[in-house]
Amino acid sequence: MNKDMEIRISGRDARRLMDELSERLGSTIEGLSHAELMCRLRRVLSLGVEALQASEDTETFSSVAWQSVAARSDRREATLRDLRHFVRRMLRVKGVAERPLRAMTVKECRELLQQAFGRSVHSYRKGRAILHSIFAYGMRREWCDSNPVDRIENPPVKEPVLEPLSPAEAQRLRAMTERPQHRDMRLSLYLMMYCGVRPSEVSRINPQRDILWQERLLIIRPSASKTGGGRTVPLRNVADLPREAWVIPTNWAQRWRALRRAAGFDVWRPDTLRHTFATYHAQYFANLPQLQLEMGHRDLSLLRSRYVLGVGRRAAEMFWSDSKRPRREVVRRGRNKEFSRN
């Protein structure tokens, strides 16, 4: 050993360390010869040094957080923007950025989530999921030994009650797409209303590639899906649209907003059309497992708790039958604020 690296301890200290070591090893060294005992002590020393080095090998929380985001560079840009936004909110919490990942406790993680996202249950739940993924990435890189977020429970979410559109309201939207200035949104509306496709998914669909017109099927590819999983959806009423309607406009979000406002829906709640589809599908077809597959849910729990509210059989029949014949007279009712979704 280099003279400058010598560890200077007294004979008493050395004896005390040997006594502690013997006590910890206990029966594992009983009856060993001198040579065997020395081999065992050298092995203990070697393993102890390795364990110590491993326990001190870590990165700061900030470093691991950004590396975990970079590791998901194959995700959609919107997803990456969301991840970056949540990481920045975490790093604004005082003292978090430079904390060694391995040293962070359950209590610290809980306080971090509370300070960064405590004002919103949905933000808290999403922040917890992202924080959990940061520690999971750190564990894969051996920068921490456990994931403290496992011991932090998600706050319960009280799902808002979503009312489906009435058949008359659905007809107002459909009739508006008969007008020249909104015809480019006809396919989009039908996919959302009669196939349960999410708005974000519709905007990514390529009709020539993703719609099998003869087989009346829509393919939601993983790259277009909100959840990253693909699915196949039956085309109900969509395949009967004229060929000139088989388009998805490029400025989709603006065109969808313009259609809603033109039909008199000045306030619109997210998932209204998806909820409308699920509600009338459940009543008319009475096949929840099939509805689950078409909507891309893992199980039936969300359908039962959020989407499927009771509507009358007559209303369901009107919803599905009226979709096959345009009624332009509905548009002439004008902008009726009673149909706004609050």
Side-chain angles (χ1 to χ4, degrees), residues 5 7 20-21 24 42-157 198 200 204 221-230 296-299 301-302:
M5 295 291 292
I7 301 175
E20 291 177 6
L21 183 59
R24 287 179 176 272
R42 287 193 180 98
R43 178 167 172 75
V44 169
L45 180 62
S46 176
L47 293 175
V49 170
E50 291 177 6
L52 179 63
Q53 290 174 340
S55 68
E56 296 176 346
D57 180 21
T58 189
E59 293 277 338
T60 64
F61 178 80
S62 175
S63 173
V64 179
W66 287 123
Q67 288 186 62
S68 72
V69 173
R72 287 177 274 191
S73 60
D74 59 329
R75 304 290 182 89
R76 288 191 293 265
E77 183 54 37
T79 301
L80 292 175
R81 281 198 303 270
D82 220 22
L83 285 170
R84 296 185 194 109
H85 172 71
F86 273 75
V87 166
R88 291 190 188 100
R89 288 178 65 175
M90 293 182 199
L91 296 180
R92 292 193 194 109
V93 176
K94 185 177 179 180
V96 167
E98 298 306 316
R99 258 314 253 157
L101 190 73
R102 193 184 297 276
M104 293 185 68
T105 64
V106 176
K107 181 181 178 181
E108 286 179 286
C109 291
R110 187 177 287 112
E111 291 174 351
L112 163 60
L113 290 172
Q114 186 60 37
Q115 291 184 49
F117 312 111
R119 294 183 179 181
S120 165
V121 171
H122 288 281
S123 293
Y124 188 101
R125 291 172 68 93
K126 190 166 185 177
R128 180 193 175 282
I130 293 173
L131 183 60
H132 188 280
S133 71
I134 292 171
F135 276 94
Y137 179 82
M139 288 178 67
R140 291 194 296 272
R141 298 297 300 270
E142 299 184 347
W143 291 329
C144 61
D145 300 317
S146 62
N147 195 327
V149 187
D150 283 332
R151 296 171 61 186
I152 301 176
E153 295 183 355
N154 262 326
V157 175
R198 298 178 178 93
S200 60
R204 302 185 190 112
R221 302 178 186 276
S223 59
S225 170
K226 174 186 174 181
T227 60
H297 290 171
R298 294 181 180 178
D299 53 50
S301 60
L302 186 57

Rounding to 0.5 Å, atoms NE2 (H85) and CZ (R88) come to a distance of 9.0 Å

Worksheet item: So is R140 actually on top of Y137's ring, under 6.0 Å and inside 45° of the axis?
Response: no

So R84 and E77, salt bridge (charged side-chain N to carboxylate O under 4.0 Å, His left out) or not? Walk me through it. CA-CA 10 Å; R84 296 185 194 109; E77 183 54 37; 3.1 Å; yes

Closest non-hydrogen contact found for D145 with M139 is O-CE, 3.8 Å

_Do Q114 and Y124 have side chains that approach each other closer than 4.5 Å (heavy atoms only, starting at C-beta)?_
yes

Hits for side-chain hydrogen bond (donor to acceptor under 3.5 Å, both in side chains) against T79, two or more places apart or cross-chain, chain-then-number order -> none

For M90 and G127 the tightest heavy-atom approach is CE-O, 3.4 Å

Taken to the nearest 0.5 Å, the spacing of L83 CG from R81 CZ works out to 11.5 Å

Separation between CZ (R151) and OG1 (T105), nearest 0.5 Å, reads 9.5 Å

M104 and P148 have their tightest heavy-atom pair at O-CG, 4.2 Å

When rounded to the nearest 0.5 Å, the distance separating CZ of R92 from CD of Q115 is 13.0 Å

Under 3.5 Å, which donor-acceptor pairs do the side chains of residues 60-67 form with other protein atoms, sequence neighbours left out?
unit_1	atom_1	unit_2	atom_2	d
T60	OG1	S63	N	3.2
S63	OG	E59	OE1	3.2
S63	OG	Q67	NE2	2.8

With a cut-off of 3.5 Å and sequence neighbours excluded, list every side-chain donor-acceptor pair involving residues 128-136.
unit_1	atom_1	unit_2	atom_2	d
R128	NE	I152	O	2.6
R128	NH2	V149	O	3.1
R128	NH2	I152	O	3.0
H132	NE2	N147	ND2	3.4
H132	NE2	D150	OD1	2.7
S133	OG	R72	NH2	3.2
S133	OG	I130	O	2.6

